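Numbers for residues simply follow the sequence, beginning at 1. This is a predicted model, so every value here is computed, not measured.
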Amino acid sequence: WPWFLLPALLSPVMVGLRMDLSVLLEPLGFVKVLEWLIAIFAFATCGGFQGETALLVSCKGVVNKTITAAFAYPFRLNTAVFTAPDPKGCGGTWTDVYLMGDFSSSAQLFVTLAALVFLYSIAALVVYVGYYHVYQENNKFPLTDLAVSVLTAFLWLVSTFVWAKTLADIKVSTGASIIPGIESCKAPGTTCHFLSVTSMRVLNVSVVFGLLSMILWAGNVWLIYKDTNLHNQWNRISESP
């Protein structure tokens, strides 16, 4: 029976629908498509990351054993652990070693913003393509779009720079500097050498996408501003004697 209700639910939405894909070729629509695509890339490059850091350990009964600690988004490194190189725990001198730091808040802020921007961009594109005539006739829509764009540009600015700083901290917390802080490596007869860490170039790319998003949304503010009565009022004021 719900299928019988579907036309009734959709009919108010479909009223006034005028499909016009040419809007996507205009600056306002084209920029929105770019914002949508970059939000996907920002989400994927940060939210899909998985890596590990590896040490080379020698201890009682063990020679050059590779141990790893796996980490991934949202980068709660304090849950990533190096287990003992051997079942006997190097003769009882090794305890589980955890990486330092919980960077989930910054990473989740960045990814959540990308997801919200993705959804908003889809909604905006639906309005542009199907209801652009309504968008132009009712000034409330451009004003709302303008307010959201200003807020989004600001949030991209904040989240990107916070995420860039966090990424630098993650690199430190998973790099060679972790060796001096591992107590088990200080036991007599135990040596630890940093071996490798997964390349974080894809995370560097996520920062670039964040910066691109910030620039696009800042530019979008001007494009939307021209469609509001604020711009028209300013023109009338500037042209008046």
Would you check if the side chain of Ser106 reaches a backbone N or O of Phe103 as a donor-acceptor pair within less than 3.5 Å? no

Between atom OG of Ser104 and atom CG of Asn78, what is the distance when rounded to the nearest 0.5 Å? 8.0 Å

Restricting to non-hydrogen atoms, name the atom on Ser184 and the atom on Val97 that form the minimum distance, rounded to 0.1 Å. OG-CG2, 4.0 Å

First locate atom OG1 of Thr53, then atom CD1 of Ile178, and finally report the distance between them rounded to the nearest 0.5 Å. 4.5 Å

Looking at Val62, Asp86, Ile67, which one forms a side chain to side chain contact (heavy atoms under 4.5 Å, CB included) with Trp94? Ile67

Cluster overlap Phe43 with Phe41, hydrophobic side-chain contacts below 4.5 Å: no

Point-to-point distance, once rounded to the nearest 0.5 Å, from CH2 of Trp217 to CG of Leu151: 9.5 Å

In terms of relative ring orientation, are Trp36 and Phe118 parallel, tilted or perpendicular, with 30° and 60° separating the classes? parallel

Side chains of Met200 and Leu167, heavy atoms from C-beta outward: is any pair under 4.5 Å? yes

Distance-minimising heavy-atom pair for Gln50 and Ala72: CG-CB, 3.8 Å

What distance separates Ser173 OG from Leu77 CG, expressed to the nearest 0.5 Å? 6.0 Å

So does Asn64 get a backbone contact from the side chain of Ser58, meaning a donor-acceptor N/O pair under 3.5 Å? yes

Tell me, do Val162 and Phe110 make a side-chain contact under 4.5 Å, heavy atoms counted? no

Give me the atom names and distance for the closest heavy-atom approach of Asp96 to Ala84. OD1-N, 4.1 Å

Out of curiosity, does Val221 fall in the hydrophobic cluster containing Val31 (side-chain heavy atoms, cut-off under 4.5 Å, transitive links)? yes

Would you indicate whether the side-chain heavy atoms of Leu195 and Leu55 approach each other to under 4.5 Å? no

Using a 3.5 Å distance criterion without hydrogens, assess whether the side chain of Thr160 forms a donor-acceptor pair with backbone atoms of Leu157. no

With the side chain counted from C-beta on, respond yes when Tyr225 and Leu146 share a heavy-atom pair under 4.5 Å apart, and no when they do not. yes

Heavy atoms only: give me the nearest Pro85-Val57 pair and the separation to one decimal. CG-CG1, 3.7 Å

Are Val129 and Ile122 connected in the hydrophobic side-chain network, where two residues link if heavy atoms are under 4.5 Å apart? yes

How close do Asp102 and Arg76 get, counting heavy atoms only, and between which atoms? OD1-CG, 3.3 Å

Mind checking the CG-OH spacing from Asp145 to Tyr128? Nearest 0.5 Å is all I need. 3.5 Å

Is it true that atom NZ of Lys186 has more than 12 heavy atoms of other residues, nucleotides or ligands lying nearer than 6.0 Å? yes

If we ignore hydrogens and angles and just use 3.5 Å, is the side chain of Ser206 paired with the main-chain N or O of Thr45 as donor and acceptor? no

For the pair Trp156 and Phe161, evaluate ring pair (Phe, Tyr, Trp, His ring centres under 6.0 Å) and give the outcome as yes or no after the intermediate values. CA-CA 8 Å; Trp156 272 123; Phe161 279 92; over 10 Å; no

Should Leu28 and Tyr132 count as side-chain neighbours, where that means a heavy-atom distance under 4.5 Å? yes

If hydrophobic clusters are built by linking Ile, Leu, Val, Met, Phe, Trp and Tyr wherever their side-chain heavy atoms come under 4.5 Å apart, do Leu212 and Trp222 end up in the same one? yes

Just wondering, do Trp163 and Leu109 contact through their side chains at under 4.5 Å, heavy atoms? no

Say you draw a straight line from OG of Ser121 to NZ of Lys32; how long is it, rounded to the nearest 0.5 Å? 5.0 Å

State, yes or no, whether a side-chain contact exists between Tyr120 and Glu35 at a heavy-atom distance under 4.5 Å. no

Can you tell me if Lys171 has over 12 outside heavy atoms packed within less than 6.0 Å of its NZ? yes

Leu116 with Leu216, same ILVMFWY side-chain cluster at under 4.5 Å: no

A side-chain contact here means heavy atoms from C-beta on lying under 4.5 Å apart; do Leu37 and Phe209 qualify? no

For Thr198 and Glu52, indicate whether the former's side chain and the latter's backbone hold a donor-acceptor pair under 3.5 Å. yes

Do you know the tightest heavy-atom contact between Leu125 and Gly29? CD2-O, 4.0 Å

Under 30°, 30 to 60°, or over 60°: which ring-plane class applies to Phe75 and Phe71, parallel, tilted or perpendicular? tilted

